Amino acid sequence: MTSNTNTLERERGILIVLSGPSGVGKGTVCAALRKMSPDIVYSVSATTRSPRQGEVEGVNYFFKSREQFQQLIEADEMLEWAEYVGNFYGTPRRFVEETLRAGHDVILEIEVQGALKVKQSFAEGVFIFLLPPSLDELQNRIVTRGTETDEIIRSRMSVAVDEIKLMEHYDYAIVNDRVETACAKIQAILTAEHCRRERVFPKITQWIDGVN
Ligand code: 5GP
């Protein structure tokens with residue numbers, strides 16, 4: 001028996017996709033989770049929107065022109081991309097693939113169209129849908145974000161309800177009532193996913209083959 005077969009090597013990392021309707025608090029939950037679980041690697045997205053005050057290139061986003069973004073798509077460098085409120089957002093492919101291969105878990109915090117595209121190429125990912133505690137609460141969050149007119153609020157609510165209908169494609173649903181509780185649930189999901197028989201079994205097969 002060689003040492004390769006009697007220790008469990010570091011397995012491939014898990015891709016976690018955290019998504020949900022606009023206004024549900026994905027960004028807040030993801031930021032809190034990164035503090036609580038610094039070993040989860042955050043994938044920095046590319047976007048064509050302008051930086052907001054305090055946002056740093058390569059930390060919050062990779063800020064691109066529309067032409068640059070188009071080139072990344074054509075070069076197949078995007079794992080997924082989507083157009084959201086007039087801007088493009090996308091996940092650089094290479095970083096995600098290399099980090100998973102190195103055995104680290106990677107989290108994507110993305111809107112629903114992009115999440116569904118990831119599912120087509122990364123079905124083994126863990127897809128988590130964040131829900132508001134109620135539709136009234138979602139409306140409050142949308143309203144307190146800015147000075148939108150009633151018409152804009154109605155149209156955002158209707159988009160949010162369409163987005164919620166897509167939750168059937170996800171593995172888990174978490175109600176974002178308290179950020180700490182939502183993060184603890186994501187950590188629990190990850191712990192359980194690492195113990196899935198099919199993730200552990202290939203290594204045990206190596207043990208068995210090494211003995212027989
Ligand atoms: P914001 O402009 O507020 O930073 O982000 C707007 C929306 O884009 C959020 O719902 C956020 O989750 C989503 N988003 C951020 N990065 C990506 C990405 O790489 N791909 C997709 N599909 N959506 C993203």
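Just the heavy atoms: all of them, side chains too, but no hydrogens, waters or symmetry mates, feed the values below. In this text the structure is predicted, and so the values were computed from the model without any measurement. Order of appearance sets the numbers: ligands from 1, and atoms from 1 within every ligand.
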What closest approach, in Å, do L108 and V96 show between heavy atoms, and which atom pair accounts for it? CD2-CG2, 4.1 Å
Crowded around R66 CZ? As in, over 12 foreign heavy atoms under 6.0 Å? yes
Taking CZ in R196 as the centre, count heavy atoms belonging to other residues, nucleotides or ligands within less than 6.0 Å. Is the count above 12? no
Quick one: look at K117 and ligand 1, take heavy-atom pairs under 4.0 Å, and tell me if it's side chain, backbone, both or neither. neither
List the residues meeting salt bridge (charged side-chain N to carboxylate O under 4.0 Å, His left out) with K165, not counting sequence neighbours, and say none if there are none. D162
Tell me the nearest of E163, Q113, E80 to atom 20 (N) of ligand 1, using heavy-atom distances. E80
Residues R34, E109: salt bridge by 4.0 Å N-O rule: no
Ligand 1 N/O within reach of Y89 N/O, cut-off under 3.5 Å: yes
Closer than 3.5 angstrom, by distance alone: can the side chain of T48 be matched with the main-chain N or O of N87 as a donor-acceptor pair? no
Which option wins on minimum heavy-atom distance to atom 1 (P) of ligand 1: Y84, F88, Y61? Y61
Heavy-atom contacts with R49 under 4.0 Å: which atoms of ligand 1 show up? List them by number with element. 1 (P), 2 (O), 4 (O)
Does ligand 1 have an atom under 4.0 Å from some heavy atom of G90? yes
Pull out every atom of ligand 1 sitting under 4.0 Å from any heavy atom of E109, numbered as shown with elements. 11 (C), 12 (O), 14 (N), 15 (C), 16 (N)
Counting only nitrogen or oxygen atoms and a 3.5 angstrom limit, does A82 reach ligand 1? no
Taking N or O atoms only and a 3.5 Å limit, does R52 qualify as a polar contact for ligand 1? yes
Taking 4.0 angstrom as the limit and counting only heavy atoms of E111, give me the atoms of ligand 1 inside it, by number and element. 10 (O), 12 (O), 13 (C), 21 (C), 22 (N), 23 (N), 24 (C)
Are there over 12 heavy-atom neighbours, none belonging to E151, within less than 6.0 Å of that residue's CD? no
Counting from 1 in the order shown, the ligand 1 atoms closer than 4.0 Å to a non-hydrogen atom of K26 are 10 (O), 12 (O)
Does some side-chain heavy atom of L79 sit less than 4.5 Å from a side-chain heavy atom of S121? yes
